[in-house]
Amino acid sequence: MPRAVVITGPSGVGKGTLIRSLRERMPDLQLSVSATTRRPRTGETQDEDYHFMSPEEFEQHVAAGHFVEHADYAGARYGTLRAELETRSAGGAPVVLEIEVQGARQVRRTMPEAVQVFIAPPSVEALRARLVGRGTDAPEQIEARLRTAEQELAAQDEFAHVVVNDRLEDAVDELVEIVRATTAAG
Ligand code: ADP
Ligand code: 5GP
């Protein structure tokens, strides 16, 4: 199984932003592209941001056992394909999985050696402000994400590493340190 780094935490906390900065600092890191039934947002590209697929196609992958983990989130399905992890890890570099908490729990069971990092917001108000400020989700989507966030925040103690994303540069530094220390990657 590949060396994997799971980055989890509520929607809008800054996972995507942090991972972009992490990969600038550690260019060898690979990013697992997830499958989802969610519609692409403006600017998102098929097979770069996600493997966008129909609910039928997603279900076929579930039935065939192709997912390492998968979960329902805010009205859509999301999952990590085993083949995706295998392709990304072929060069030997660690693979980053950006997934929500239910998926992170499944990975903890199936890939216990994977590094698990929970990204926490400085406050729930800051999380709401980031979701609104990002401007990508309709108000009802933002509310669904904030409702889920309450349960996700309550689960943070399950994770080996917790990084509070208050000042972005500090959070990136912490994340780089964790990945270096746990994966021996440059
Ligand atoms: P996620 O991938 O967890 O859903 P994003 O990376 O899309 O979150 O970040 C959500 C919004 O918050 C974006 O508009 C991003 O620019 C902003 N953001 C990320 N980190 C910080 C931070 N440390 N301080 C303020 N805003 C941030
Ligand atoms: P978004 O719709 O904002 O891109 O993602 C919503 C949530 O789904 C985020 O918390 C994101 O981390 C999570 N997610 C993305 N890909 C996967 C995946 O493959 N598996 C799981 N379990 N969650 C995912």
[X] versus [Y], closest heavy-atom pair with distance:
| X | Y | result |
| --- | --- | --- |
| Gly103 | Glu100 | N-OE2, 2.8 Å |
| Gln30 | Arg88 | CG-O, 3.1 Å |
| Ala126 | Ser123 | N-OG, 3.0 Å |
| Pro55 | Thr37 | CA-CG2, 3.8 Å |
| Pro121 | Leu127 | CB-CB, 4.1 Å |
| Thr36 | Ala76 | OG1-CB, 4.4 Å |

key: Verdict with supporting geometry, His70 and His61, side-chain contact (heavy atoms from CB on, under 4.5 Å)   = CA-CA 10 Å; His70 63 90; His61 285 298; over 6 Å; no
Treating Ile, Leu, Val, Met, Phe, Trp and Tyr as nodes and any side-chain heavy-atom pair under 4.5 angstrom as an edge, say whether [X] and [Y] lie in one connected cluster.
| X | Y | result |
| --- | --- | --- |
| Val132 | Val13 | yes |
| Val176 | Leu168 | yes |
| Leu175 | Val5 | yes |
| Leu18 | Met26 | yes |
| Leu29 | Leu31 | yes |

query = Given the rule in the side-chain contact (heavy atoms from CB on, under 4.5 Å) test, do Glu44 and Arg38 qualify, once you have shown the distances and angles that lead to the verdict?
reply = CA-CA 11 Å; Glu44 284 183 331; Arg38 163 165 88 56; 3.0 Å; yes
Stepwise salt bridge (charged side-chain N to carboxylate O under 4.0 Å, His left out) check, Arg109 with Glu69 = CA-CA 10 Å; Arg109 286 195 294 274; Glu69 61 76 32; over 6 Å; no
message = Applying side-chain contact (heavy atoms from CB on, under 4.5 Å) to Arg108 and Arg105, what does each step give before you reach the verdict?
response = CA-CA 5 Å; Arg108 199 186 302 146; Arg105 287 189 176 125; 4.1 Å; yes
Please examine the side chains of [Y] and [X], heavy atoms only from C-beta on, and report whether any two atoms are closer than 4.5 Å.
| X | Y | result |
| --- | --- | --- |
| Leu85 | Met111 | yes |
| Val172 | Glu24 | no |
| Leu153 | Pro10 | yes |
| Ser11 | Leu131 | yes |
| Tyr73 | Thr148 | yes |
| Arg134 | Arg41 | yes |
| His161 | Glu174 | no |

query = For the ring pair (Phe, Tyr, Trp, His ring centres under 6.0 Å) test, which of Phe67, Tyr50, Phe52 pairs with Phe58?
reply =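 Testing each of Phe67, Tyr50, Phe52 against Phe58, the sole residue satisfying ring pair (Phe, Tyr, Trp, His ring centres under 6.0 Å) is Phe67.
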Distance (rounded to the nearest 0.5 Å) between Gln102 CD and Tyr78 OH = 11.5 Å
ask   = Between atom CZ of Arg25 and atom CZ of Arg180, what is the distance when rounded to the nearest 0.5 Å?
value =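 Answer rounded to 0.5 Å: 6.5 Å.
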Closer than 3.5 angstrom, by distance alone: can the side chain of [X] be matched with the main-chain N or O of [Y] as a donor-acceptor pair?
| X | Y | value |
| --- | --- | --- |
| Lys15 | Ile119 | no |
| Glu84 | Ser34 | no |
| Arg3 | Gly92 | yes |

message = For Phe159 and Phe118, take the angle between the two ring planes, folded into 0 to 90°, and tell me which bin it lands in: parallel under 30, tilted 30 to 60, perpendicular over 60.
response =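 Judged by the thresholds at 30° and 60°, the geometry between Phe159 and Phe118 is tilted.
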query = In this structure, which one of Thr183, Ile7, Val115, Asp173 forms a side chain to side chain contact (heavy atoms under 4.5 Å, CB included) with Ile178?
reply =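 It is Val115; the other options fail the test.
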